Amino acid sequence: MNNHLLALKDFDAARLRAFIDRALVLKEEAARGIHHDHLAGKIVCLLFEKPSTRTRVSFEAAMYGLGGQVIFMSAADSQLGRGEPLKDTARVLARYVDGLVVRTFGQEVVEELARYSDVPVINALTDKHHPCQILSDIMTVIEKKGEPEKLKIAWVGDGNNMANSWIEAASVLGFSLTLACPEGYEPDQEILAAATARASQPITVVRDPAEAVRDADVINVDVWASMGQEAEQDARLAVFQPYQLNRTLLALAADDAIVLHCLPAHRGEEITEEVLEGEQSVAFDQAENKMHIHKAILEAFLA
């Protein structure tokens, strides 16, 4: 069994589906007022180099909701940015806590921490992968539309960490995925090649957002400039403008299509106000589901 969650490709379909199925149960039980203490006596350290609202609060709420405790450390609080070797950080923190939830820039950071940590390391975002987010997205798809392998799922915009993890999820769970990305902003080519070789349904990258969205059941968008890319903002606005999810583009999808956005949203850029606030948007249900999927993940790795 894999003791860390660094990327979705490291798991088989049964394990990924187990996270989602458990999250659905935990959500239903929470709605009925059932409380859990499965992680009583456990401590998780949130080690965040990148700022966060939803990811931090949802992990903290998840851990407290399972009876555990949380230590939060920002980049300013830790030695990550001060030259201490990651292997030293991993070996020391593993003696204090029962798990590390890491939000950072390079994927090599979580991989190095996992290599030397005796406790589970969970990737809460790197520049290459965002596995926990995509699990909560797929949970939302199942709630709203049913089994993903029966759906047409589209990604529109930057081939970023979200796109990479969607690609890996498609290859593991066996659903089709079409990504519309501008030239020069495609997903990671190694990730795409490996996923395509593993996939049972097509994973396709196209240029035309209309081609990706046409008759789609699920449309996923994200910001055009992620954290660390602020200097590229103006250039990206010009390149990505044809990829805005607006009423005209949405009209090409299935009438009952749902719209996903992991938030925060830049209204008027990657998505219009009327689409984000419209009846087809499930972005806020999606945000809630982060907490439930994080409960399932923490329970699986720490219990």
Side-chain angles (χ1 to χ4, degrees), residues 1-32 34 36 38-39 55 58-59 62-63 65-66 99 101 110 114 120-125 129-155 161-179 187 191-192 194-203 216-220 258 260 262 282 285-303:
M1 184 177 72
N2 196 329
N3 292 323
H4 307 287
L5 200 173
L6 307 183
L8 297 181
K9 66 177 175 59
D10 299 330
F11 299 88
D12 60 20
R15 190 86 190 280
L16 293 188
R17 188 56 194 253
F19 294 138
I20 296 168
D21 290 344
R22 180 59 179 156
L24 289 165
V25 170
L26 289 167
K27 181 177 182 178
E28 188 271 335
E29 290 179 347
R32 291 193 285 124
I34 298 174
H36 299 291
H38 302 155
L39 297 184
T55 300
S58 59
F59 263 113
M63 191 63 179
L66 293 173
V101 176
V110 293
V121 174
I122 296 167
N123 180 358
L125 177 142
H129 296 284
H130 203 352
C132 298
Q133 176 67 56
I134 273 57
L135 289 174
S136 65
D137 296 351
I138 295 171
M139 174 184 174
T140 308
V141 170
I142 292 170
E143 281 186 316
K144 303 295 183 181
K145 298 294 296 179
E147 297 304 317
E149 63 267 22
K150 299 177 182 178
L151 302 172
K152 180 178 180 182
I153 299 178
W155 172 271
N161 52 0
M162 288 279 293
N164 290 336
S165 288
W166 264 105
I167 288 167
E168 290 194 344
S171 72
V172 176
L173 292 173
F175 58 85
S176 67
L177 178 66
T178 303
L179 303 100
I191 291 173
L192 180 61
T196 302
R198 179 180 186 173
S200 59
Q201 294 205 56
I203 300 173
D217 302 293
V218 179
I219 306 170
N220 203 334
I258 59 171
L260 300 176
C262 66
V282 296
D285 296 318
Q286 179 187 357
E288 177 191 344
N289 283 341
K290 286 171 68 74
M291 179 183 67
H292 302 297
I293 204 76
H294 292 164
K295 278 186 178 181
I297 290 167
L298 290 167
E299 182 185 78
F301 284 96
L302 274 62

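Everything numeric here is computed off the predicted structure, so don't read it as measured data. Starting from 1, each residue takes its place in the sequence as its number.
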Ser176 versus Lys152, side-chain donor and acceptor atoms under 3.5 Å: no

With Val110 as reference, evaluate Leu125, Ile122, Leu6, Val101 under the side-chain contact (heavy atoms from CB on, under 4.5 Å) test and give the passing residue. Leu6

Minimum heavy-atom separation for Gln201 and Glu149, please, with both atom names. NE2-O, 3.0 Å

Could you check whether Gln133 and Asp137, counting side-chain N and O atoms only, form a donor-acceptor pair closer than 3.5 Å? yes

Roughly how far, to the nearest 0.5 Å, is the CD1 atom of Ile20 from the CG atom of Leu173? 6.0 Å

Which heavy atom of Ser200 sits nearest to which heavy atom of Gly174, and what is that distance? OG-CA, 3.5 Å

To the nearest 0.5 Å, how far apart are CG in Asp21 and CG in Leu26? 11.0 Å

Any donor-acceptor N or O pair under 3.5 Å, side chains Glu29, His36: yes

Taking side chain as C-beta onward, heavy atoms only, is Ile203 less than 4.5 Å from Leu179? yes

Please find the pair of heavy atoms, one from Ala296 and one from Ala23, that lie closest to each other, and give the distance. CB-N, 3.7 Å

4.5 Å side-chain heavy-atom contact, Leu260 and Trp166: yes

Return the CG to CD distance between Asp285 and Glu143, rounded to the nearest 0.5 Å. 7.0 Å

Student check: side-chain heavy atoms of Trp155 and Ile167 closer than 4.5 Å: no

Work out which heavy atom in Met139 is nearest to a heavy atom in Asn289; give both atom names and the distance. CE-OD1, 3.5 Å

Any idea which heavy atoms bring Pro131 and Ser165 closest together, and the distance? N-OG, 3.7 Å

Is the shortest heavy-atom distance from the side chain of His294 to the side chain of Cys132 under 4.5 Å? yes

Atom CZ of Arg15 and atom CG of Asp10: how far apart are they, to the nearest 0.5 Å? 10.5 Å

Check whether His38 reaches the backbone of Leu66 with its side chain - one donor and one acceptor, N or O, closer than 3.5 Å. no

Is any side-chain heavy atom of Val172 closer than 4.5 Å to a side-chain heavy atom of Arg198? yes

Find out whether Leu8 and Leu135 are in side-chain contact, i.e. whether some heavy atom of one side chain is under 4.5 Å from a heavy atom of the other. yes

Passing candidate, side-chain contact (heavy atoms from CB on, under 4.5 Å) with Val218, options Leu151, Ile138, Val282: Leu151

To the nearest 0.5 Å, how far apart are OG1 in Thr140 and NZ in Lys145? 13.5 Å

Checking Ser136 against His292 for the side chain to side chain contact (heavy atoms under 4.5 Å, CB included) test, could you report, in this order, the C-alpha distance in whole Å, the side-chain angles of both residues, the deciding distance, and whether it holds? CA-CA 8 Å; Ser136 65; His292 302 297; over 6 Å; no

Nearest 0.5 Å, what's the CD1-OG1 distance between Ile191 and Thr196? 11.5 Å

Just by modelled atom types, is the Thr55 backbone N or O under 3.5 Å from a matching donor or acceptor in the Ser58 side chain? yes

Within the structure provided, determine whether Asn220 and Ile153 are in side-chain contact (heavy-atom separation under 4.5 Å). no

Determine the minimum heavy-atom distance between Phe59 and Ala124, stating which atoms define it. CE1-CB, 3.9 Å

Are the side chains of Ile134 and Glu168 in contact, using a 4.5 Å heavy-atom criterion? no

